[in-house]
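Written out below as structure tokens is the structure these notes cover.
Quick note: numbers below take in every heavy atom, side chains included, and nothing from hydrogens, waters or symmetry partners.
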Amino acid sequence: MVTTPEWTIADFIHRGPWWKHRGIRILNIYLCLPFLTAPINGFDSSLVNGLQILPAWQNYFNHPVSKILGLISAAQVIGSIAAFPLTPIIADNFGRRPTLFIGALIMLGGAILQACSSNIGMFIGSRGLIGFGLTFGLNAAPLLIAELAYPTQRGKLTSMYNASWYIGSVISAWICFGVYDGTGGSVWSWRIPAAVQALAPLLQMILVWFIPESPRFLVAQGRESEAARILARFHASEHDDRDPLVMFEMAQIRHALHLEKEASHMYHWRVLFATRGNRRRMSIVVALAIFSQWSGNGLVSYYINLILEGIGITQTDTKAAINGGLQVWNLIAAMTGAFLVDRVGRRPLFIISNIGMLIVFAVWTITTALFNELHLSSAGKATLPFVFLFYMFYDLAYSPMLISYTLEILPFSIRAKGFAVMNFVVSLTLAFNQFVNPWALTAMGWRYYLIYCAWLVIELVFVIAYIVETKGRTLEETAALFDGERPPRDLVQRGGEAATMTMNRENALKDHLNTHYMELQPVSPNVSSKDDASSHSSDSQKKDHLQSSHPYYIEAV
């Protein structure tokens with residue numbers, strides 16, 4: 001007996017250049033809008049770093065140091081933490097687009113307040129407001145990208161999303177440098193960069209309603225026809241709701257959500273840690289969130305002024321130019337990592353990144369110690385290339401994959417909550433860094449680097465032991481990696497079954513899809529039971545009705 005072949009998603013995907021597929025081309029243009037959230041974050045995170053270099057900002061706010069400087073940097077994170085309980089609730093109940101709009105609106109208000117600040121309290125308050133709004137965008141934007149992207153581009157796009165953080169960082173650094181060069185010591189040297197931050201949120205507010213909503217969110221809300229039209233418009237070759245790829249994606253989403261709803265009593269926060277598979281997922285998510293900020297990168301990302309002065313670089317022009325050049329370097333390295341994600345794989349990139357950071361940071365520590373203890377100018381000059389080299393290794397993995405890997409290993413039902421936890425942990429570690437780093441650098445000098453050297457060893461051991469490869473799997477298929485061969489019948493495992501299912505060419509589509517639709521909606525309100533022969537519709541009438549009412553219906557081969 002010949003085995004009937006099966007369908008998988010690989011049978012239906014577009015294999016030519018993506019720009020030759022009209023739907024994918026238009027979709028990627030639309031996705032540029034949520035993509036803006038990462039550069040907004042990069043601009044905001046780098047802005048205070050750049051402003052610290054400017055004499056006008058230092059003079060206007062009376063040269064903040066130590067705890068005050070830490071509070072200025074941490075205010076954005078404090079605002080972010082305050083918003084975390086709200087963002088997944090709004091994203092799951094009202095949609096990804098409204099969440100993005102709310103975040104852009106709040107950020108716009110914060111940016112205007114920041115540019116108009118007349119005292120340090122007002123400036124700190126504006127930073128907190130920006131952080132509060134930014135959290136909404138940071139939660140919604142990557143979810144929207146991951147859940148709308150064409151299947152073969154999801155890994156690259158979500159990796160490029162976080163890597164594009166450096167686009168904002170580059171713009172921030174060079175605007176600060178350019179405005180300083182043009183205005184000198186004028187107060188506008190810091191007000192103009194602060195005002196520029198309002199442009200991207202304003203653009204998102206105006207245009208967000210022109211992009212499509214997440215199909216997964218729509219199916220979860222019972223709006224399946226809208227979800228199918230979106231998938232058909234952007235994923236199908238002929239915009240046909242009956243395209244096999246659309247049917248396959250709809251079947252995966254619907255079946256996964258159907259099983260997950262049966263376990264809806266587990267939809268509270270403790271479901272994140274309710275099963276062994278989920279605990280494993282969340283341990284990786286939390287660890288990567290911590291590693292992304294405690295690898296030593298926080299020293300330069302937020303306090304480059306202190307780092308450069310610590311190796312003898314004191315000229316404002318020189319510091320601003322180095323800051324701008326470093327951000328361009330970071331952007332190139334991060335985008336390189338994003339393009340290597342599907343070629344090299346997630347696990348190898350994490351391992352290479354952590355090994356490289358450990359070696360380079362150890363050398364960076366040695367050269368800084370030689371400059372500070374023995375006053376060797378050559379050691380100070382040698383430190384700068386190692387700063388660039390350290391960021392190259394960091395950017396290969398953590399810039400592109402912190403978000404994309406988190407989204408890949410979390411199934412739909414816990415994705416928004418799990419992603420919120422990741423952002424929350426990032427904010428906590430950022431807050432710690434921003435309060436402690438300026439104080440520790442002042443008190444301990446280069447010896448503070450030794451703590452990071454020891455921590456990088458711990459990171460490397462964890463990455464080797466726990467990071468699993470997800471290359472080549474769809475968004476839902478990854479769920480099965482964490483629950484073993486014979487997992488308990490829990491929410492995640494059952495969702496994984498739906499995600500990894502294949503379709504039998506002869507019977508599966510009819511059995512699953514047609515039965516589901518007939519249960520969902522009667523073929524006709526006038527049709528009585530099958531025992532009533534006089535009023536029973538013919539088979540052909542039923543088929544015609546199904547084909548007209550439900551575009552996913554196909555007749556068995």
Side-chain angles (χ1 to χ4, degrees), residues 42 45-46 48-49 52 69-70 73-74 77 162-163 165-166 169 286-311 313 322-323 325-327 329-330 333-334 337 349-372 379-380 382-402 425-464:
S45 299
S46 303
V48 173
N49 204 20
Q52 290 177 57
L69 182 59
S73 297
V77 179
N162 204 41
W165 186 95
Y166 285 114
S169 186
V286 170
L288 292 181
I290 295 173
F291 297 167
S292 71
Q293 304 304 321
W294 281 4
S295 296
N297 54 302
L299 294 173
V300 178
S301 295
Y302 299 95
Y303 300 106
I304 192 171
N305 189 51
L306 297 178
I307 297 297
L308 294 179
E309 288 185 352
I311 58 175
I313 299 174
I322 290 172
N323 184 38
L326 179 61
Q327 304 316 317
W329 172 263
N330 285 336
L349 279 180
F350 274 117
I351 293 174
I352 292 169
S353 174
N354 278 90
I355 291 174
M357 284 193 297
L358 175 59
I359 294 172
V360 173
F361 199 87
V363 178
W364 175 1
T365 302
I366 293 171
T367 57
T368 304
L370 290 173
F371 174 79
N372 283 272
T383 300
L384 192 58
F386 285 108
V387 173
F388 279 75
L389 194 59
F390 170 83
Y391 266 95
M392 182 191 75
F393 284 109
Y394 174 87
D395 291 329
L396 281 178
Y398 286 93
S399 290
M401 288 195 293
L402 173 63
V425 174
V426 167
S427 292
L428 287 181
T429 53
L430 271 174
F432 177 87
N433 276 357
Q434 290 164 346
F435 275 120
V436 172
N437 281 344
W439 169 80
L441 285 170
T442 302
M444 300 175 62
W446 68 269
R447 292 175 181 83
Y448 184 49
Y449 295 0
L450 295 174
I451 297 174
Y452 282 104
C453 289
W455 181 254
L456 284 167
V457 174
I458 297 173
E459 288 187 10
L460 178 59
V461 172
F462 182 93
V463 165
I464 292 174

When the ring centroid of F291 is compared with that of F462, is the distance short of 6.0 Å? yes
Can you tell me if S353 uses its side chain to pair, donor with acceptor, with the backbone of F393 under 3.5 Å? yes
All ring-ring contact (aromatic ring centres under 6.0 Å, His included) counterparts of W446, not counting sequence neighbours: none
Shortest non-hydrogen pair, W294 vs W455, comes out as O-CD1, 3.0 Å
Hits for side-chain hydrogen bond (donor to acceptor under 3.5 Å, both in side chains) against N323, two or more places apart or cross-chain, chain-then-number order -> Q327
I451 meets the side chain to side chain contact (heavy atoms under 4.5 Å, CB included) criterion, sequence neighbours left out, with M444, Y448
Which atom of S399 lies closest to which atom of A334, heavy atoms considered: CB-CB, 3.8 Å
Test log, rule side chain to side chain contact (heavy atoms under 4.5 Å, CB included), inputs Y166 and S46: CA-CA 9 Å; Y166 285 114; S46 303; over 6 Å; no
Return the set of residues passing side chain to side chain contact (heavy atoms under 4.5 Å, CB included) with T383 (not counting sequence neighbours), or none when no residue passes. I311, W364, T367, T368, V387
What pairs with V286 under side chain to side chain contact (heavy atoms under 4.5 Å, CB included), at least two apart in sequence or on another chain? I290, V421, V425
Between the side chain of S292 and the main-chain N/O of A289, is any donor-acceptor distance below 3.5 Å? yes
Shortest non-hydrogen pair, F361 vs G296, comes out as CE1-CA, 4.0 Å
What closest approach, in Å, do M392 and A333 show between heavy atoms, and which atom pair accounts for it? CA-CB, 4.0 Å
Polar contact flag, side-chain donor to acceptor under 3.5 angstrom, Y452-N297: no
Using the test side chain to side chain contact (heavy atoms under 4.5 Å, CB included), find all partners of L358 that sit at least two apart in sequence or belong to another chain. L456, V457, L460
Once the angle between the rings of Y394 and Y391 is folded into 0 to 90°, is it parallel (under 30°), tilted (30 to 60°) or perpendicular (over 60°)? perpendicular
